[in-house]
Amino acid sequence: MGMSGVALYDDYVPGLANPAYWGNTVYTTATGGVYFQNYDARDNTGHAKNSLISATQFQLVLPLKRNRVGLSLSLAPLTRSNFKVVEQTILPPSLNNGSDTLAYSIQNQGDGGLNRLELGIGVRIYKNISIGYAPSLIYGPLQNNLKVHFTSFDPNTTYNDITYDQTTTNVGFGNRFGIYGTQRKLFGKKDALSFGASVSLPINLKSERYIESDRALGQSIKTFRLKDTGAFGDGDIRFPMEVLAGLQYEFTPAVGVGTELLYQNWSDYTNFSGNHEAYMTDRYKIALGARYRPFMKRADTFLSHFKYRIGASYDSGYLKLNGHQIETFKLSAGLGILSPRNRSSVDISLEYGIRGTRSQNLVKENIWGLRLSINLAELMFYRPKLQ
Amino acid sequence: MLLLAGCEDPGVVGNEFVGNDASVVIDTLKVTDFDTTSFQAYSGGYSYFSAGQYSDPVFGDVEAIGLIRPTILNQVADTVEADAKVYLSLITDPANVYGDTTVTSTFDLVEIDAPWRQNEVKYDSDIPLSSNVILSDISIGMDDSVAVELPDSWVQKYRDYVNGVDSLKNEVYKSEYFGFALVPTNSSKIIAFKYAPGGSSTRLYVDNPADTTIRYQVIRDHATLVSRQNEPALGDSLSAFYSTQSRVFDLGIPISGDSLGSQNLARVELVLRRAEEQMTLPENNVRPPSTGYNLYYLNPDDIPFTLYSYSVGNAANVDSTDFSFRFNLTAHANSVLFEGSPNTRIIGVVKNNNGLVHSELLYNTQAALKEPKILLTTVKSGNTSN
């Protein structure tokens, strides 16, 4: 629905947005999936396309005590970086101090990101109130590959191409807290209003950065770890706090709408060198969504074997470049295919978004996304009273 | 700029924002460690030997004496008859004349008074000459060859060696006869004489009257002695260098691996500028065309005899537009940075040491704007301290 689902508890699909609602767990649930995205980026001088495929979270939620205490184990990407920038420059002799024109291209390609390995617990402390806590290990490398290729117009002047790989490894610990409450029969016999909120505390990452590069020495090529007096070695990165809150109103168990608000104070972010980046700005994201689950009406039509979702979101982004927030508008629609035997499902969602602006020679992207997840829901470790 | 981007938010964590992550930087560094030193280079056995005298208004009075010792063992002239005539055929290279092309050079042919071998002679070696002048007033203009008939007194002496007992004659010849020197007797020009085994080369030829064929006798040893006097005072900003290696430059390249940028060396170029406008000569006066410089490592333990064993692998010819010599020192710099090469000093020699007398005039560290420079093309990262 374009939402994280902080106030949206689903008995049959595990969620990561709020540790509290694991306390409501009845079924053993698990999920995993992949996410495919296609980017069409344009600025005032050109355009480019890029495609990404990545794994979404893998999560297992166990009801330690059904509908009272739930345990979640998950591995999920926290951040993702994947880019390629190619910049070409031509320098006339007057600017390169040479006897002829020098052309070069710089290709900066990066990928990687932080992952969160999390073990959390949710407890229903009152009949309609749950709380949760999830400590986690945050880790992951970020890798940059830089290639600089030179072309000299003077055949007697040769340049060595430069290639190096920069790796930044990170490790830290995260803490998330959540609360979830629901009030049934608020306006009718079948309706329910749910509230959820979670807070992720700032994460202090211990990082190490190094650069390796190949050098041609004589007839051989050797890999060296380059030295630098200031910018490499150990560093501390501060990942900002995140607050997420939402409301979900279910007209009936089958039909619901929801909204949520995300806040991340990126003004608190510090990079590897301990500096705040001037282009970082606090991020707000608001999302609206609706879902329809006809199977909850126990209907037996063809359409009742599916579940439906639709949503929209506005994201202010965390970057402010040349005076412009890099905003994202996104629409999404999803379809869940239910298992005929249980409440397991295969969910497919399609997204379309617009990010950025072409003002000030910035980049505007059209984003298409396809998300596929498999959700398993079973009553496990359950001893029937009648055999 | 072509941008390909796909950032899953918030991808910037742990990294700086993409796009300005690296840049190519071209720095110009002045070379401050630039000095002049001298070597005693070998002068024999090359493809040329020189003889003549010239008063160069820039580089001083230069005298070159050519040393020649013919063999007696060549199969094509194993006999010299009593009435034979023997000629010294001098093959010259007018393209490498050094001096006044309008004046005829004159030489005496003087016997050498001490043993010498071409592989041991240096340009400044002390090779004594006898008082026995074989032939006087040998005149050479701008012709590409001259043949002079050697006097009968010399022919008879030579004949005795050639016609001696086969098993002994060569040893006797080597121990008793040391050849002759082509000694200039006027200041006009220095002539380049060619030596090419098996080809068109300076050599003797023997004309036996009973023989219808001219028999040749090749040169066994040849070398050049060079002396230079009365060098004019050059300005503080100028330094002279010679292919005879009596003056070469010695420089240290400041290579520091303290920062990433200084380790990502795309090109390290040494730029020297010839003082072309200071090297003018009077009309009809010429110097051998410049062939540039060779660079060598200076190994203090081996000076000066193995200089050629430690080539930096780099040479440069003059750029005809700005009269610069540009040397690519990237491999040298990487070797120092990443292999800890001890060869941090570099010797620059006017090339080639081939028996000719080449001279060059460079702007040194005292010259404004045209002083020796290092052009550093490096790749610096936005993440680095430099």
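Just so it is clear: chains get the letters A, B, ... in the order the sequence lines come, proteins before strands, and each one is counted from 1. The basis for the numbers below is simple: all heavy atoms, side chains too, and nothing from hydrogens, waters or symmetry mates.
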All salt bridge (charged side-chain N to carboxylate O under 4.0 Å, His left out) counterparts of B:R274, not counting sequence neighbours: B:E276, B:E360
Contact class of B:N334 relative to chain A, heavy atoms under 4.5 angstrom: both
Partner residues of A:D282 under the salt bridge (charged side-chain N to carboxylate O under 4.0 Å, His left out) criterion, sequence neighbours left out: none
Option in A:T158, A:N96, A:V148 with maximal non-hydrogen atom pairs under 4.5 Å from chain B: A:T158
Those residues that, when tested against B:F338, pass ring-ring contact (aromatic ring centres under 6.0 Å, His included) (two or more places apart): A:F224
Residue part contacting chain B, namely of A:I367, when any heavy atom lies under 4.5 Å: neither
Minimum side-chain heavy-atom gap A:F150-B:T377 below 4.5 Å: yes
Chain A neighbours within residues 24-36 of chain B, where any heavy atom lies under 4.5 Å away: B:V24, B:I26, B:T28
Inter-residue atom distance A:D161.CG - B:N264.CG, 0.5 Å rounding: 12.0 Å
Heavy-atom neighbours of B:D236 CG exceed 12 at 6.0 Å: no
Proximity breakdown for A:T157 and chain B, heavy-atom pairs closer than 4.5 Å: both
